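Owing to the predicted nature of the structure, the values given are computational and were not obtained by experimental measurement. First the proteins, then the strands, lettered A, B, ... as listed; each starts at 1.
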Protein chains: 2
Amino acid sequence: MFENLVRHIQKFVALNEEEQIILRSYVKFEKIKKKQYLLQEGQFCHANWFIVKGCLRSYTLKENGNKQMVQFAIENWWLTDYFSFEQKKPSKLFIQTVEDCELISIDDRTSEDLFAKIPQLERYFRLILQKSYAASLMRLQYMFNLSPEERFHHFNENFPSFIQRVPQYMLASYLGFTPEFLSKIRAKMADS
Amino acid sequence: MFENLVRHIQKFVALNEEEQIILRSYVKFEKIKKKQYLLQEGQFCHANWFIVKGCLRSYTLKENGNKQMVQFAIENWWLTDYFSFEQKKPSKLFIQTVEDCELISIDDRTSEDLFAKIPQLERYFRLILQKSYAASLMRLQYMFNLSPEERFHHFNENFPSFIQRVPQYMLASYLGFTPEFLSKIRAKMADS
DNA sequence: TGATTTTCTTAATCATGATTAAGTTTTTTT
DNA sequence: AAAAAAACTTAATCATGATTAAGAAAATCA
């Protein structure tokens with residue numbers, strides 16, 4: 001389990017035996033069943049979760065009570081609420097397991113210590129954040145430049161494995177339209 | 001000019017005299033008139049610009065030839081195309097001055113060197129990226145959860161100074177609607 | 001296995017904001 | 001100061017995708 005994390009980190013920076021041992025002492029291992037909550041609105045988010053196996057999602061509650069998908073995360077992704085970190089305010093997010101999960105987490109209250117001991121990790125997270133930020137801006141571009149229908153086709157082509165993994169209503173919300181509209185698109189696709 | 005950058009960095013990490021001198025040798029100073037391009041589609045983006053004074057914007061060209069605003073940046077913000085860095089591919093962005101600007105830039109081909117000499121800067125950029133990423137996710141939330149009209153009012157309340165600083169057609173595009181619709185909103189506001 | 005909850009589908013109606021096109025105002029250039 | 005370009009406004013028409021409501025299918029539970 002821990003090896004998955006180390007392997008991922010080593011794609012970005014070197015990490016020797018000694019450093020691995022230090023890192024291990026700072027992380028927490030969790031196995032969690034489907035549909036459990038890691039974080040709920042109003043709580044403070046102190047963990048940054050690395051997905052060894054499974055799938056997480058984050059969402060917010062809209063005024064009308066609907067859930068608005070914010071992010072999905074699968075193997076080798078990190079998920080947390082950076083906004084809550086930044087602002088030192090209770091989170092507006094729900095973070096929930098979509099599948100049974102194996103997770104590794106780092107507590108943000110000890111991470112400064114950890115970075116001091118292993119400066120390479122500071123670099124690792126800088127690179128991860130750079131990647132995440134770029135991806136987030138790209139998603140914004142899709143929102144602006146593509147119609148809902150085009151967004152679905154684009155997602156379909158680029159992340160086909162996701163389609164089977166997550167319920168369609170979550171996907172619809174993630175792409176910014178209603179489940180009813182997604183049904184319509186699929187009906188149209190079956191025609192042709 | 002350089003002092004502005006140092007002051008900003010020191011909000012996040014400490015930076016002694018010696019480090020300041022090293023940093024200075026890695027940056028480039030530029031004064032640029034309004035409406036000039038720092039980057040155009042197809043070029044490789046190697047600079048990360050810090051705005052000492054003025055305003056930048058980035059946009060993409062849509063299929064129909066319209067410009068889609070991606071980001072604004074004003075004093076004490078950094079702007080670049082991280083996506084182009086990541087992918088080592090030519091940029092799809094245009095980066096342009098909206099006002100006369102005073103800029104400081106770092107070249108990404110020398111920044112690894114710089115971070116090795118001043119590890120604090122690695123930390124500084126991690127924190128900046130964390131902030132930027134959180135802001136970008138927040139903007140996505142506004143796209144999902146607010147109507148175009150609500151987005152305008154929200155922006156109006158939270159960034160009133162921006163409204164006077166940038167042309168309305170840029171703002172409309174940034175918020176994801178047409179300039180015609182923005183006129184409509186303003187007409188409605190003048191009524192009541 | 002049957003019962004219940006969750007997820008997905010279909011179809012009619014409706015509202016928002018895009019598009020088009022013309023005209024006005026403001027800013028920039030010469 | 002005049003001419004040209006850039007930015008903004010108004011109004012009519014139109015299309016996309018939301019909403020509503022009902023029912024079907026699939027997954028989960030007891």
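For B:Phe152 and D:dC8, the CZ to P distance is 12 Å, given to the nearest whole Å. One can place CG of A:Leu182 at 12 Å from C1' of C:dT7, the figure rounded to the nearest angstrom.
In the displayed structure, A:Lys62 atom NZ is contacted under 6.0 Å by more than 12 heavy atoms of other residues, nucleotides or ligands.
A:Phe94 shares a hydrophobic cluster with A:Tyr37, A:Tyr59, A:Leu61; the chain of contacts runs through ILVMFWY side chains whose heavy atoms sit under 4.5 Å apart.
Using a 30° and 60° split on the angle between ring planes, B:Phe72 and B:Tyr174 fall in the tilted class, from 30° to 60°. The aromatic rings of B:Trp78 and B:Tyr124 sit perpendicular, their planes meeting at an angle over 60°, well past the 30° parallel limit.
Minimum heavy-atom separation, B:Glu19 to B:Ile118: O-CD1, 3.4 Å.
Proximity of residues 168-175 of chain B to DNA chain D (heavy atom under 4.0 angstrom from any strand atom) is restricted to B:Gln168, B:Tyr169.
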Item to check | Contact state string [nucleotides 16-24 of chain D, B base, S sugar-phosphate only, - no protein heavy atom under 4.0 Å] | outcome: -SSBB----

If you restrict it to nitrogen or oxygen atoms, what contacts under 3.5 Å exist between nucleotides 25-30 of chain D and the protein, and what is each distance?
from: D:dT28; atom 1: OP1; to: A:Lys34; atom 2: NZ; distance (Å): 3.1

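The list of side-chain hydrogen bond (donor to acceptor under 3.5 Å, both in side chains) pairs with a residue in residues 143-162 of chain B, not counting sequence neighbours, reads B:Gln141-B:Asn145, B:Tyr142-B:His154, B:Ser147-B:Glu150, B:Glu149-B:Lys188, B:His154-B:Asn158. Every pair tested for salt bridge (Lys or Arg N to Asp or Glu O under 4.0 Å) that includes a residue from residues 76-92 of chain A fails, sequence neighbours excluded, so the list is empty.
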Without placing hydrogens or testing angles, list every side-chain donor-acceptor pair under 3.5 Å for residues 49-57 of chain A, not counting sequence neighbours.
from: A:Trp49; atom 1: NE1; to: A:Glu30; atom 2: OE2; distance (Å): 3.3
from: A:Arg57; atom 1: NE; to: A:Gln96; atom 2: OE1; distance (Å): 3.0
from: A:Arg57; atom 1: NH2; to: A:Gln96; atom 2: OE1; distance (Å): 2.9

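Partners of B:Leu127 under the side chain to side chain contact (heavy atoms under 4.5 Å, CB included) rule, at least two apart in sequence or in another chain, are B:Phe12, B:Arg123. Under the salt bridge (charged side-chain N to carboxylate O under 4.0 Å, His left out) criterion, B:Glu41 pairs with no residue at all, not counting sequence neighbours. Every residue meeting the ring pair (Phe, Tyr, Trp, His ring centres under 6.0 Å) condition with B:Phe181, not counting sequence neighbours, appears here in chain and number order: B:Phe177. With sequence neighbours excluded, the residues that form a side-chain hydrogen bond (donor to acceptor under 3.5 Å, both in side chains) with A:Lys117 are A:Tyr26.
Each end of the helix from C:dT1-D:dA30 to C:dT30-D:dA1 gets its own axis, taken as the rotation carrying the C1' atoms of four end pairs onto the next four within a five-pair window, and the two axes meet at 60° to the nearest 10 degrees.
At the phosphate of D:dT9, OP1 or OP2 sits under 4.0 Å from a side-chain N or O atom of B:Arg186.
Remark: aromatic rings of B:Phe152 and B:Phe155 are distant, center separation not under 6.0 Å.
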